[in-house]
A.B. asks: 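Supplied in structure tokens, the structure appears directly below.
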Amino acid sequence: AQAVLAVALLVHAACAAVTPMSVGQVFPAGFTEAAVCGPVNAFLPPSSPLLVRNSNSSTIAFMGSNLTNIRLKNKLSTLAASVATYFSGNKKLVVLSAYLPPIANFSQTNVLVSPQYEGRAAYLGLVAAGANPAPTAADIGLLGGLAVPAQLDWVSMPNASMIYVSVMPTACDTNLDLVFLLDGSSSITLANFQSMKNFVQA
């Protein structure tokens with residue numbers, strides 16, 4: 001229930017006042033994608049547990065793979081809800097390109113690496129719903145404007161037909177049990193044993 005309320009509040013905020021993007025514009029302004037979202041650390045295979053399938057086909061159309069990391073999946077769902085509300089159901093979010101599978105014989109020195117290899121980035125557009133008019137360049141600018149309050153970490157508008165979005169890696173927030181084994185043998189002085197206990201308790 002809290003997650004639904006959070007998405008509803010984000011959609012309301014996104015649709016309240018949209019500032020469209022223009023071709024060549026990035027958000028946040030003055031920052032590169034790598035500075036905001038971090039470097040690409042691995043080429044994830046499609047079977048990676050860090051990738052999830054986005055099955056939200058009622059509000060998102062996919063032109064290719066629907067694999068993303070969980071953070072991008074959640075942000076795309078929020079953006080799709082904003083698009084449906086802002087365009088009154090006349091337009092639908094379309095993922096033109098998202099996850100890219102690993103490259104055979106890859107050499108990092110001569111290939112520009114994209115967060116798409118980690119399921120953290122996507123090219124997005126709009127598609128008309130039913131017999132509604134095709135999306136215009138102004139609509140794509142509005143899509144970029146909606147992506148910012150939907151909390152995509154980095155947004156750019158490379159041309160008048162699409163936007164590009166990326167996110168930081170999904171944070172590890174899994175609970176785990178951690179055990180410390182302390183050596184209390186006679187070779188450890190009382191002072192050193194107390195230091196070990198203080199370190200574990202810190």
A.B. asks: Mind checking the CD1-CG spacing from I140 to L124? Nearest 0.5 Å is all I need.
C.D. replies: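 The CD1 atom of I140 sits 9.0 Å away from the CG atom of L124.
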A.B. asks: Quick check: is V200 connected to M196 through a chain of hydrophobic side chains (ILVMFWY, heavy atoms under 4.5 Å apart)?
C.D. replies: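 Yes, it is one cluster - the side chains of M196 and V200 are joined through contacts under 4.5 Å.
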A.B. asks: Closest approach of C37 and P169, non-hydrogen atoms and distance?
C.D. replies: O-CD, 3.4 Å
A.B. asks: In Å and rounded to the nearest 0.5 Å, what is the CZ to CG distance from F62 to L96?
C.D. replies: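 Here the interatomic distance stands at 11.0 Å.
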A.B. asks: Would you compute the distance between atom CG of L146 and atom CG of L79 and round it to the nearest 0.5 angstrom?
C.D. replies: 6.5 Å
A.B. asks: Do the side chain of S48 and the main chain of L44 share a donor and acceptor less than 3.5 angstrom apart?
C.D. replies: no
A.B. asks: Distance check, rounded to the nearest 0.5 Å: D139 atom CG versus S161 atom OG?
C.D. replies: 12.5 Å
A.B. asks: Side chains of S88 and N90: do they bring a donor and an acceptor to under 3.5 Å?
C.D. replies: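 No, because no side-chain N or O of S88 sits under 3.5 Å from a partner of the opposite role on N90.
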A.B. asks: Are Q25 and S156 close enough that a side-chain donor and a side-chain acceptor fall under 3.5 Å?
C.D. replies: no
A.B. asks: Between N41 and E118, is there a side-chain heavy-atom distance shorter than 4.5 Å?
C.D. replies: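 A side-chain contact under 4.5 Å exists here.
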A.B. asks: Check Y99 against Y117 and note the closest heavy-atom contact, atom names and distance.
C.D. replies: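 So the two residues come closest at CE1-O, 3.8 Å.
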A.B. asks: Applying a strict under-4.5 Å side-chain criterion to I, L, V, M, F, W and Y, I'd like to know whether V165 and M21 cluster together.
C.D. replies: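 V165 clusters together with M21.
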A.B. asks: Taking the side chain from N69 and the backbone from L50, do they hold a donor-acceptor pair closer than 3.5 Å?
C.D. replies: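 Side chain of N69 to backbone of L50: no pair is present.
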A.B. asks: With a cut-off of 6.0 Å (strictly less than), are more than 12 heavy atoms of other residues, nucleotides or ligands near CE of M63?
C.D. replies: no
A.B. asks: On a heavy-atom basis, which atom in V83 and which in L93 lie closest, and how many Å separate them?
C.D. replies: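 For V83 versus L93, the nearest heavy atoms are CG1-N, 4.0 Å.
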A.B. asks: Using every non-hydrogen atom in the two residues, find where G144 and V155 come nearest and quote the distance to one decimal.
C.D. replies: O-CG1, 4.2 Å
A.B. asks: Identify the heavy atoms of D183 and F193 that sit nearest to each other, and give their distance.
C.D. replies: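 Minimum heavy-atom separation between D183 and F193: O-CD1, 3.6 Å.
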A.B. asks: Drop me the distance from L152's CG to M168's CE, to the nearest 0.5 angstrom.
C.D. replies: 10.5 Å
A.B. asks: Give me the one residue out of V167, T68, I70 that meets side-chain contact (heavy atoms from CB on, under 4.5 Å) with K75.
C.D. replies: V167
A.B. asks: Going hydrophobic residue to hydrophobic residue with side-chain gaps under 4.5 angstrom, can you get from V94 over to I163?
C.D. replies: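 No, no single cluster joins them.
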A.B. asks: Can you tell me how far apart CG (L126) and CZ (F87) are? Round to the nearest 0.5 Å.
C.D. replies: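 Separation between the atoms: 5.0 Å.
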A.B. asks: Are any side-chain N or O atoms of N159 and backbone N or O atoms of M162, one a donor and one an acceptor, separated by less than 3.5 Å?
C.D. replies: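 Answer holds: yes.
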A.B. asks: Evaluate the salt bridge (charged side-chain N to carboxylate O under 4.0 Å, His left out) criterion for residues D153 and R71: first the C-alpha distance (whole Å), next the side-chain angles of each, then the deciding distance (0.1 Å), finally the verdict.
C.D. replies: CA-CA 10 Å; D153 297 318; R71 182 176 177 83; 2.8 Å; yes
A.B. asks: Please answer whether the main-chain N or O of A98 pairs with a side-chain N or O of Q116 as donor and acceptor at a distance below 3.5 Å.
C.D. replies: yes
A.B. asks: Step by step, work out the side-chain contact (heavy atoms from CB on, under 4.5 Å) result for V95 and Y123.
C.D. replies: CA-CA 6 Å; V95 177; Y123 287 93; over 6 Å; no
A.B. asks: Closer than 3.5 angstrom, by distance alone: can the side chain of N198 be matched with the main-chain N or O of S195 as a donor-acceptor pair?
C.D. replies: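 No; judged by distance alone, with no hydrogens or angles, the pair does not exist.
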A.B. asks: Quick one, R120 and V40 - any side-chain contact, counting heavy atoms below 4.5 Å?
C.D. replies: yes
A.B. asks: If hydrophobic clusters are built by linking Ile, Leu, Val, Met, Phe, Trp and Tyr wherever their side-chain heavy atoms come under 4.5 Å apart, do L76 and V127 end up in the same one?
C.D. replies: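 No, L76 and V127 fall in different hydrophobic clusters.
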A.B. asks: Should the pair W154 and Y164 be assigned to parallel (<30°), tilted (30 to 60°) or perpendicular (>60°) ring geometry?
C.D. replies: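 Ring orientation of W154 relative to Y164: perpendicular.
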A.B. asks: Walk me through it: do R53 and L67 pass the test side-chain contact (heavy atoms from CB on, under 4.5 Å)?
C.D. replies: CA-CA 5 Å; R53 293 208 177 273; L67 287 172; 3.6 Å; yes
A.B. asks: Do you know which two heavy atoms are closest between E33 and A121, and how far apart they sit?
C.D. replies: OE2-CB, 4.4 Å
